[in-house]
Amino acid sequence: MTTSTATPTAASSTYRTRIHGDIARWSRTLIPTAKEPPADAEAPSHKLLVRAGYIRRVTAGVYEYLPLGWRVLRKVSQIVREEMNAAGASEMLMPALAPTELLRETGRAEDYGDLLFRFEDRHGRDSYLGPTHEEVITDLMRQVVSSYKQLPLNLYQIQTKYRDEFRPRAGLLRGREFLMKDAYSFDMTLEGLNEAYDKMYQAYTNIFTRCGLDFTVVEAEAGPIGGSASHEFMVNCETGEDTILVCPESGYAANVEKCEIGERPAPAVGFFVGEPSGALEEVHTPNCPGIDDVCAFMKVKPQNMLKTVVFKVVKQSEEEEKNFPGDWWVVAVVRGDHDVNEGKVREISECKLVLADPEEARKSGFEIGFVSPRAAVGKPQTLIIVDPDAAVGMDAAKGKPMFWVTGADKKDHHVKHFNWQRDLGKDPVSSCADKKDCFFEVGSIRNAMAGDPSPRAKGAMLEARRGIEVGHIFKLGKKYSSAMGFKVSGEDQKLHEVIMGCYGIGVSRTVASAVEMAFDDDGIVWPAAIAPYHVLITVMKPGDAKSMEVAEQLANEMSELGLDVLIDDRDERPGSKFKDADLIGIPVRVTIGEKGLAESAVEFKLRSDSGKGSFVAIAEAAGKCSDATAAAGA
RNA sequence: CGGGGUGUAGCGCAGUUUGGUAGCGCGUUUGACUGGGGGUCAAAAGGUCGCAGGUUCAAAUCCUGUCACCCCGACCA
């Protein structure tokens, strides 16, 4: 592996010695290219990486990295390594295999469920293959770190990870075995954590910039891993699995789960106010628990439905259980074309929630699938939250009373002409005010969508884009140190739980997303920094002594300049060699043929240029390749 | 976990309805011609038709079971 002569960040200064580039011969390595992709490949990166001989599938979601693929993976790893080291983190290696009892300490043995690769060894010990390593590192740390003087620390590894995805797909983008960099920071104070986090944010920005990727950093929910803040690094790409929302004016960007919605104007007449659109009418809707089913059956639009989602409150302490005995519920109401955002419901309700079990909810009077706000209003131990877009009585656009369809609170029935005031009381909010254990409020509880007002710039609208998540940084807080008893002595001579952060990069996914981002009809177009080789020397007549001599000489010169060179010395027809060259996507191609040699020249062409290329004197070729790769960021 | 689908040569596929000697294209090997964008001709190698039972004189084909894989949805540190 090499570094080039012109690495743009401070990390390159770690190299004191001149490192020569690699030279390889196509005929003596393994690059099995194919005209047709395997039938199971769908994503462009999957098709191309297989066709170009980078990877092969071994079983669902598991791939071999052939020589070219492994080189790319190592290039990305090396960039990650350099930037992590420059940010003050230390590399180590944890095992992929660990005892499940570690996960029991934090409850994640259950939380992960089937996603965890688990098995018993011959002694009957329950083991797992690590999907991530919070428990392992915390276990290590609690053994070896006992004083604040040993902190702060940031430790990372580049390790194969395992997740038993139910449906692996898209080649390297969602595999069951994948290469990941994971880092863990340990601090005594919140300020320390914030500093560590900001350093990682910067390191990640450097890493993905150096990899030549076009990416967006978005605010994200911390998710099941817990914690208080997080950002995702998303490669901008139409084929991406994830939707992100961005504000074109302020630069605010967030994923769908996290994205806030700017102030939505309340109806001019006030929330819930409006005459009924007609008499309440019950409709038999057999086998229609879902919004789409009902809409198709009743021929109404989702915008005219009220969706009612029932959550159960999870009490987190015995004290809570004592103060609030029995089952408590949170009922979220949104418009049928919107999605309830559990995080936002949680924030407003200030409770830990789970989606109610249908059976259990039914016993308490919620006919799941057919619930309406009527089932919840005035009900004890229940909080109702209605999204502003659902809390309207007048259809402002049409100037008519709002036509609502919602559940009939009995199986296989819905009602139409639902009206907030008539069916819930003259003023739904105050109707609950005099009961001390029933609550009713209007709050923003749905996922943001394209077209929603920006939360950061007045008048701007959110836009939706697609992306591939390649990096994710979290502020974990004390979740793991607390669960696993990782405490150290502070300056005050007292024990303190350590504050953690964790920082992941999907290395193999980064490789695939680089391809998703840059390819054309002919094949891959690698960013120079992560291409398996910088230069491909295509020898038209490998049987010709003069041609091969020039090829070797050029390769040596380039290697001296730190370039990695692949010589296509195969005795193939020119057409095949050019097709293969475009397919594997090496950034610079130098062609050695009779035309040029007669003039002591070779042909120089960038993969990213569609033109024919140009002739360059042999003496200048190596330098030109070096300049071109440096200009492309390698 | 719901719905749909596929397993036949290294890759892509036909053949299965109506049981009767295992096929095509690409790739591979050999030879000749060719030689700047996947060439031409000639010859050749390569398959227990996913696996296990069953029906039958006879099974890639029909029946039963099983395994693997893919797509859509749900889910997703």
Side-chain angles (χ1 to χ4, degrees), chain A residues 30 32-43 46-47 50-51 53 56-62 103 106 108 111-117 128 130-135 161-171 173-176 178 180-182 184 220-227 230 232 241-243 255-257 289-290 292 339 342 355 469 471-474 476 479-480 502-506 509 521-523 538-544 547 568 570-583 589 591-597 602-603 605 610-613 615:
Chain A
L30 181 67
T33 59
K35 269 189 190 168
E36 300 197 65
D40 59 23
E42 188 124 305
H46 187 188
K47 285 184 182 169
V50 174
R51 275 191 61 207
R56 284 281 169 137
R57 195 182 66 88
V58 178
T59 182
V62 179
L103 293 190
T106 57
R108 289 211 297 177
D111 289 354
Y112 264 110
D114 293 337
L115 221 50
L116 195 67
F117 265 110
Y128 73 96
T132 172
H133 281 76
E134 282 81 6
E135 285 83 357
K161 303 284 175 149
Y162 297 85
R163 293 183 63 179
D164 195 359
E165 294 283 350
F166 180 73
R167 187 152 89 83
R169 67 187 115 178
L173 284 175
R174 182 168 291 275
R176 296 195 298 166
F178 51 98
M180 179 165 158
K181 187 281 304 180
D182 50 325
Y184 305 90
E221 281 274 3
I225 201 163
S230 88
E232 288 174 349
E241 279 191 307
D242 299 314
T243 301
N255 68 14
V256 172
E257 289 73 40
D292 292 341
D339 291 316
E342 195 178 324
L355 206 56
E469 180 190 348
H472 202 157
I473 56 181
F474 298 87
L476 283 178
K479 172 170 174 165
Y480 292 92
C502 82
Y503 316 92
I505 288 180
R509 183 183 272 190
D521 291 344
D522 294 314
T538 301
V539 184
M540 299 308 298
K541 282 193 170 179
D544 175 55
S547 295
D568 185 357
R570 296 173 302 163
D571 183 20
E572 290 290 338
R573 298 183 60 84
S576 309
K577 298 179 80 149
F578 290 141
K579 284 288 184 191
D580 273 349
D582 289 343
L583 182 58
R589 191 181 85 203
T591 308
I592 299 178
E594 283 175 319
K595 289 178 192 169
L597 286 183
V602 293
E603 192 181 325
K605 181 183 175 301
S610 53
K612 280 262 171 188
F615 285 100

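Here is the naming used below: chain letters follow the sequence lines, and residue numbers restart at 1 for every chain.
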Please give the distance between the [atom1] atoms of [N] and [M] as a whole number of Å.
N       : M       : atom1 : answer
rA59(B) : rA22(B) : P     : 11 Å
rG50(B) : rU6(B)  : P     : 13 Å
rU28(B) : rU64(B) : C1'   : 40 Å
rG15(B) : rG7(B)  : C1'   : 15 Å
rG35(B) : rA43(B) : C1'   : 23 Å
rA32(B) : rU17(B) : P     : 47 Å
rU66(B) : rU21(B) : P     : 32 Å
rG5(B)  : rG20(B) : C1'   : 30 Å

Could you check how far [atom1] of [X] sits from [atom2] of [N], rounded to whole Å?
X       : N       : atom1 : atom2 : result
E36(A)  : rC13(B) : CD    : C1'   : 9 Å
E42(A)  : rC69(B) : CD    : P     : 17 Å
K579(A) : rG37(B) : NZ    : C1'   : 6 Å
L30(A)  : rG27(B) : CG    : P     : 18 Å
H133(A) : rA77(B) : NE2   : C1'   : 13 Å

Look at all strands and tell whether [X] reaches a base, only sugar-phosphate, or nothing, counting heavy atoms closer than 4.0 Å.
X       : value
E165(A) : nothing
D522(A) : nothing
P32(A)  : nothing
P131(A) : nothing
R176(A) : nothing
D571(A) : base

Minimal non-hydrogen separation, H472(A) against E232(A), with atom names: CE1-OE2, 3.4 Å
Return the pairing partner of [N] with a 3.5 Å limit on both distances, Watson-Crick or G-U wobble; otherwise return none.
N       : result
rG36(B) : none
rG2(B)  : rC72(B)
rG7(B)  : rC67(B)
rC49(B) : none
rA42(B) : rU30(B)
rA14(B) : none
rC57(B) : rG20(B)

Spell out yes or no: do the side chain of [X] and the base of [N] have one donor N/O and one acceptor N/O closer than 3.5 Å?
X       : N       : answer
R174(A) : rC76(B) : yes
R51(A)  : rG12(B) : no
R108(A) : rA77(B) : no
R573(A) : rG38(B) : no

R169(A) with E241(A): basic N within carboxylate O range, under 4.0 Å: yes
Side-chain touch D40(A)/R57(A), heavy atoms, less than 4.5 angstrom: yes
Donor + acceptor pair across side chains of D164(A), Y162(A) (<3.5 Å): no
R589(A) vs A170(A), nearer the 5' end of RNA chain B by closest nucleotide: R589(A)
Intermediate values then yes/no, side chain to side chain contact (heavy atoms under 4.5 Å, CB included), M540(A) and K577(A): CA-CA 8 Å; M540(A) 299 308 298; K577(A) 298 179 80 149; 5.8 Å; no
